[in-house]
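Take a look at the structure set out below.
As the structure is a computational prediction, the values presented were derived from the model and not from experiment.
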Amino acid sequence: TGIDLGKIFNADFFPKALLCWVVSNAVRFCVAIASSFSLEMPISNRILLGLAWLGKAGSQQNVVESESFLQESHGL
């Protein structure tokens, strides 16, 4: 049996996926800023810290998925 990508990626999929992405990044940004309150730094540096964490989370996810795939495929 074939997988029909048209049924998966329909008009309802992309708005929900975009909303999920925006909300998760907003939460990640807020948590990164909140975690820096114990440090003495200006708000501009805290915002920069929050923005820096947005890219870091995406790259960590890719590394974890690659590592998991390698472990499963080589029986580690």
Side-chain angles (χ1 to χ4, degrees):
T1 63
I3 297 174
D4 186 6
L5 293 179
K7 289 184 180 179
I8 297 171
F9 299 110
N10 57 20
D12 294 334
F13 173 80
F14 289 106
K16 291 176 184 176
L18 182 62
L19 179 65
C20 182
W21 179 78
V22 168
V23 169
S24 66
N25 277 322
V27 169
R28 190 176 293 122
F29 177 76
C30 293
V31 169
I33 289 176
S35 69
S36 68
F37 280 133
S38 64
L39 305 173
E40 293 185 24
M41 63 173 57
I43 190 68
S44 60
N45 288 7
R46 292 174 197 217
I47 292 171
L48 182 62
L49 178 73
L51 291 173
W53 270 87
L54 294 180
K56 185 177 184 305
S59 62
Q60 282 179 330
Q61 177 185 2
N62 291 333
V63 169
V64 168
E65 288 175 359
S66 299
E67 180 70 23
S68 174
F69 173 75
L70 289 173
Q71 288 179 355
E72 289 175 5
S73 63
H74 293 291
L76 300 174

Considering all heavy atoms, the nearest Arg46-Ile33 contact: O-CG1, 3.5 Å
Go through it in stages, so that I can follow the logic: the residues are Ile47 and Phe29, the test is side-chain contact (heavy atoms from CB on, under 4.5 Å), and I'd like the CA-CA distance, side-chain angles, deciding distance and then a yes or no. CA-CA 8 Å; Ile47 292 171; Phe29 177 76; 4.1 Å; yes
Looking at every non-hydrogen atom in both residues, tell me the closest pair between Gly50 and Ala32 and how far apart they are. CA-CB, 3.8 Å
Give the table of side-chain donor-acceptor pairs shorter than 3.5 Å for residues 11-21, with sequence neighbours excluded, one pair per line with atom names and distance.
none

Cluster partners of Leu48, using ILVMFWY side-chain heavy atoms under 4.5 angstrom, listed by chain and number? none
Contact list for residues 30-42, test side chain to side chain donor-acceptor pair (under 3.5 Å), sequence neighbours left out: none
Would Ile3 end up clustered with Phe9 when hydrophobic side chains under 4.5 Å apart are linked, directly or stepwise? yes
Listed partners of Asn25 passing side chain to side chain donor-acceptor pair (under 3.5 Å), at least two apart: Arg28
